[in-house]
Amino acid sequence: MTLESIYYIGQTVSVIAILGTLVFVGIQVRHARLQTEQANTLARAEMSQSAGLKILELVDSWYQTKESAEFMHRALLTDAPLSRAEKQRFGARLLTLFTGIEVVAMLYREDLCDQGLYDRLMITSQVYCNRPQVQKWWHSGGRAFYLMPFRGTLDAMMPRADAVDEAVAEGEAAAAA
């Protein structure tokens with residue numbers, strides 16, 4: 001065997017070794033990508049569950065006592081006037097609720113929250129936004145606490161706000177007359 005033959009055999013073995021290494025590295029990269037996707041899916045599920053449970057616990061706490069449940073019923077479902085302290089209490093509850101929903105919306109935009117929870121909370125937001133007292137709170141300063149695009153989302157969910165403001169103005173004008 002000549003030196004040239006040994007050289008070509010060595011080159012062939014080197015090429016085979018390099019190809020084998022490339023295949024092995026490709027398999028490792030694919031495996032690492034799959035593990036990362038699985039970890040991201042698990043993290044997304046855990047963050048969704050945690051955020052959803054916190055919001056549920058918050059709303060549940062509003063109804064834990066008879067007094068608190070009656071207050072929320074009056075604030076959300078009747079036209080009964082609220083005292084200054086009650087307006088502040090109601091506003092603080094709405095601020096906390098919508099801030100929790102805003103956090104979930106931020107997580108959703110970053111693909112860290114699942115679609116189902118986001119959709120569920122948008123439905124919940126719409127239900128609250130259809131309440132006249134919530135609309136009054138929103139337009140009397142509540143919206144100032146939120147960032148875009150969430151503020152725009154809630155603005156769009158407040159379809160009757162102008163009608164509520166006009167009704168309040170008409171009621172005040174009638175009371176003054």
Side-chain angles (χ1 to χ4, degrees), residues 7-65 68-69 71-73 75-77 88-139 141-161:
Y7 171 77
Y8 287 126
I9 291 171
Q11 288 287 59
T12 303
V13 169
S14 295
V15 167
I16 291 171
I18 290 171
L19 289 175
T21 302
L22 288 174
V23 168
F24 179 72
V25 168
I27 290 169
Q28 281 185 321
V29 167
R30 181 173 181 254
H31 183 66
R33 183 182 53 82
L34 290 173
Q35 283 181 327
T36 300
E37 287 175 5
Q38 289 172 345
N40 286 342
T41 300
L42 181 61
R44 186 178 307 110
E46 287 175 358
M47 290 181 84
S48 297
Q49 180 183 19
S50 175
L53 288 175
K54 291 292 184 191
I55 292 169
L56 287 173
E57 288 171 5
L58 170 71
V59 173
D60 183 57
S61 73
W62 296 350
Y63 300 93
Q64 297 227 342
T65 68
S68 184
F71 167 71
M72 288 308 293
H73 173 78
L76 287 171
L77 302 174
Q88 186 173 8
R89 181 178 177 191
F90 185 61
R93 288 179 177 190
L94 292 176
L95 180 65
T96 305
L97 171 68
F98 285 125
T99 299
I101 294 171
E102 181 181 32
V103 168
V104 170
M106 288 176 186
L107 291 172
Y108 176 73
R109 283 193 308 276
E110 296 294 324
D111 199 29
L112 296 173
C113 175
D114 70 37
Q115 178 80 44
L117 176 62
Y118 176 78
D119 291 344
R120 177 78 215 115
L121 290 176
M122 289 301 102
I123 291 168
T124 299
S125 296
Q126 182 67 62
V127 169
Y128 278 97
C129 290
N130 284 331
R131 301 291 179 202
Q133 294 282 22
V134 174
Q135 293 170 7
K136 288 177 192 176
W137 168 80
W138 181 254
H139 288 287
R143 74 184 302 276
F145 290 98
Y146 300 95
L147 302 172
M148 291 300 279
F150 186 70
R151 182 187 321 153
T153 300
L154 289 184
D155 279 338
M157 289 183 182
M158 303 275 180
R160 299 183 320 190

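One is the number of the first residue; the rest follow in order along the sequence. What you are looking at is a predicted structure, and each value in this text was computed from that prediction instead of being measured.
How far OG1 of T124 is from CE of M122: 8.5 Å, rounded to the nearest 0.5 Å. In this structure, the separation between CG on L107 and OG on S50 is 9.5 Å, given to the nearest 0.5 Å. Between W62 atom CH2 and D60 atom CG the span is 11.0 Å, to the nearest 0.5 Å.
Side-chain atoms of V134 and M158, non-hydrogen and from C-beta on, do get closer than 4.5 Å to each other. Between S61 and R93 the shortest side-chain heavy-atom distance does not fall below 4.5 Å. Using a 4.5 Å heavy-atom threshold, the side chains of L77 and R131 count as touching. Side chains of F90 and F71 form a contact here, defined as non-hydrogen atoms less than 4.5 Å apart.
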Side chains of residues 96-103: which donor-acceptor pairs under 3.5 Å do they make with residues two or more places apart or in other chains?
{"from": "T96", "atom 1": "OG1", "to": "A92", "atom 2": "O", "distance (Å)": "2.9"}
{"from": "T99", "atom 1": "OG1", "to": "L95", "atom 2": "O", "distance (Å)": "2.6"}
{"from": "E102", "atom 1": "OE2", "to": "L147", "atom 2": "N", "distance (Å)": "3.1"}

Which atom pairs, one a donor and one an acceptor, fall under 3.5 Å between side chains of residues 52-59 and the rest of the protein, sequence neighbours left out?
none

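Every residue was checked against the salt bridge (charged side-chain N to carboxylate O under 4.0 Å, His left out) condition with D119, not counting sequence neighbours, and none meets it. Every residue was checked against the salt bridge (charged side-chain N to carboxylate O under 4.0 Å, His left out) condition with R120, not counting sequence neighbours, and none meets it.
The side-chain hydrogen bond (donor to acceptor under 3.5 Å, both in side chains) pairs that include a residue from residues 23-34 are H31-Q35, R33-E37, where partners are two or more places apart or lie in different chains. Within the structure, salt bridge (charged side-chain N to carboxylate O under 4.0 Å, His left out) pairs that include any residue of residues 106-118 comprise R44-D111 (at least two apart or interchain).
The local environment of OH in Y63 is crowded, with over 12 non-hydrogen atoms from other residues, nucleotides or ligands closer than 6.0 Å.
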Please lay out, stage by stage, how L154 and R143 fare under the test side-chain contact (heavy atoms from CB on, under 4.5 Å). CA-CA 8 Å; L154 289 184; R143 74 184 302 276; over 6 Å; no

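Under the 6.0 Å cut-off for aromatic ring centres, Y146 and W138 qualify, their centroids lying closer than that.
Between Y108 and Y118, the ring planes are parallel. Angles under 30° get that label, and only those over 60° would be called perpendicular.
Of all heavy-atom pairs between M157 and S125, the closest is SD-CB, 3.6 Å.
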